[in-house]
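These notes are about the structure you will find just below.
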Amino acid sequence: MKRIITSLLLSLILSVPAIMAQTAKYTPDRKAITAAVSDKAAYKALADRFATGQTLSTDDMAALYYGTALQPGFSASQTYPEIARVYAAGDYSTAMNQIWAALAKDPANLYLLFTGYGAASSLGNEEAKTLLQNRLLQVCDLIFLTGVGVTQESPYLVVRPSDVDEFVVKYIQPTSVNGRAKIANLEAVRVAIENVGDDVILYFRQF
């Protein structure tokens, strides 16, 4: 996966002058997402399908992931400090139980999915590892589709600031992250990419 993403990014970087005016490869339909979220039974069924590892269509994945931001009580700054504490302490079994409980309410949260994948790997639980990898890749692949990423005109679209860190470090997997700044309504992350001479700036916008 890292080699594929690096190759795609490299092709984008080399063709930046030609894509400055390019729009996102996939633009989430906010009206359709709002409608999907309003049908609570259908939205829960969608989340249940995702939880079992089914591959969702791009529109359904967008409804599930971006629909998170339209849920009552949603907070973009929400974190899971207890899970982080238990995971850091190496109690992966307890962390795994806490992660499953949190994912039941927040099924497309990248922090939970990546941390769950790490816990499952440490426990040698191949079934959970495969399931969580399937889910986290669906979320990350969706984000990758929403923008060119290397221009301010076409940033990647995320739900919460923490998704930027998870997406950049664990999905893009740069050789290093060398800076981060706020530019108007965008989050800019400067990274070093394998086989690219100069640092690359990736841009993100919150849904």
Query raised in the report: For F144, does its backbone N or O pair with a side-chain atom of K25 as donor and acceptor, under 3.5 Å?
Result: yes
Report task. Could you give me the CA-CA distance, side-chain angles and deciding distance for R49 and L56, then say whether side chain to side chain contact (heavy atoms under 4.5 Å, CB included) is met? Result -> CA-CA 8 Å; R49 286 170 50 208; L56 303 183; 3.4 Å; yes
Requested in this report: Provide the closest heavy-atom pair for L64 versus P107 in the form atom of the first, atom of the second, distance.
Outcome: CD1-CG, 4.1 Å
Query raised in the report: Taking all atoms of both residues into account, what is the closest heavy-atom pair of A119 and M96, and its distance?
Result: CB-SD, 3.9 Å
Requested in this report: Taking all non-hydrogen atoms of both residues into account, name the closest pair between A192 and P174 and its distance.
Outcome: O-CB, 3.2 Å
Requested in this report: Determine, using the 4.5 Å side-chain heavy-atom cutoff (strictly less than), whether V191 and Y203 are members of one ILVMFWY cluster.
Outcome: no
Report summary line: Note: I83 and A102 closest approach over all heavy atoms is CD1-CB, 4.1 Å
Report task. State, yes or no, whether a side-chain contact exists between Q206 and V159 at a heavy-atom distance under 4.5 Å. Result -> no
Requested in this report: Report yes if the side chains of I193 and I172 come closer than 4.5 Å at any heavy-atom pair, otherwise no.
Outcome: yes
Query raised in the report: Between T27 and T146, does a side chain to side chain contact (heavy atoms under 4.5 Å, CB included) hold up when you go through it step by step?
Result: CA-CA 6 Å; T27 303; T146 59; over 6 Å; no
Requested in this report: Could you check L103, L137, N134 and say which one makes a side chain to side chain contact (heavy atoms under 4.5 Å, CB included) with L113?
Outcome: L103
Report summary line: salt bridge (Lys or Arg N to Asp or Glu O under 4.0 Å) pairs touching residues 107-124, sequence neighbours excluded, are none
**Report entry** Derivation of the side chain to side chain contact (heavy atoms under 4.5 Å, CB included) call for D141 and M61
**Finding:** CA-CA 10 Å; D141 288 349; M61 192 64 244; over 6 Å; no
Query - Straight-line distance of L112 CG to L136 CG, nearest 0.5 Å - result: 11.5 Å
Requested in this report: Could you verify whether a donor N or O on one side chain and an acceptor N or O on the other, from S57 and D59, lie under 3.5 Å apart?
Outcome: no
Report summary line: In this structure, CZ of R135 is separated from CZ of F114 (nearest 0.5 Å) by 13.0 Å
**Report entry** Exam field: side chain S154 to backbone G147, donor-acceptor pair closer than 3.5 Å
**Finding:** no
Query raised in the report: Quick one: are Y156 and R205 in side-chain contact, heavy atoms under 4.5 Å?
Result: no
Query raised in the report: Using 4.0 Å as the upper bound for N to carboxylate O, is an ion pair formed by D165 and K170?
Result: no
Query raised in the report: Does I183 share a hydrophobic cluster with V164, counting links as ILVMFWY side-chain heavy atoms below 4.5 Å and allowing steps through other members?
Result: no
Query raised in the report: Given Y65 and F207, is the ring pair (Phe, Tyr, Trp, His ring centres under 6.0 Å) satisfied, shown in steps?
Result: CA-CA 10 Å; Y65 175 63; F207 181 74; 8.4 Å; no
**Report entry** Atom of A120, atom of L132 and distance for their closest heavy-atom approach
**Finding:** CB-CD1, 4.5 Å
Query - Y111 and D163: side chain donor to acceptor below 3.5 Å - result: no
Query raised in the report: Are Y66 and F74 co-members of a hydrophobic cluster defined by side-chain heavy atoms under 4.5 Å apart?
Result: yes
Query - K182, NZ: over 12 other non-hydrogen atoms inside 6.0 angstrom - result: yes
Query raised in the report: Tell me the salt bridge (Lys or Arg N to Asp or Glu O under 4.0 Å) pairs involving residues 101-129, sequence neighbours left out?
Result: D106-R160
Query - Residue R180 excluded, over 12 heavy atoms near CZ under 6.0 Å - result: yes
Requested in this report: Return the minimal non-hydrogen interatomic distance between L46 and A63, and the atom names on each side.
Outcome: CD2-CB, 4.1 Å
Query - Validation row: R30, L70 side chains within 4.5 angstrom (heavy atoms) - result: yes
Requested in this report: Answer yes or no: is there a side-chain heavy-atom contact under 4.5 Å between S162 and T79?
Outcome: no
Query raised in the report: Say you draw a straight line from CD1 of I33 to CG of D60; how long is it, rounded to the nearest 0.5 Å?
Result: 10.5 Å
Report task. Check the hydrophobic clustering (I, L, V, M, F, W, Y; side-chain heavy atoms under 4.5 Å; chains of links allowed) and say if I201 and V177 are grouped together. Result -> no
Query raised in the report: Is I143 linked to L186 within one hydrophobic cluster, defined over Ile, Leu, Val, Met, Phe, Trp and Tyr using a side-chain heavy-atom separation of less than 4.5 Å?
Result: no
Report summary line: So ring pair (Phe, Tyr, Trp, His ring centres under 6.0 Å) across residues 76-109, not counting sequence neighbours, yields Y87-Y92
Query raised in the report: Do F204 and F167 make the cut of ring centroids closer than 6.0 angstrom?
Result: yes
**Report entry** Side chain to side chain, Q138 and F50, heavy atoms closer than 4.5 Å
**Finding:** yes
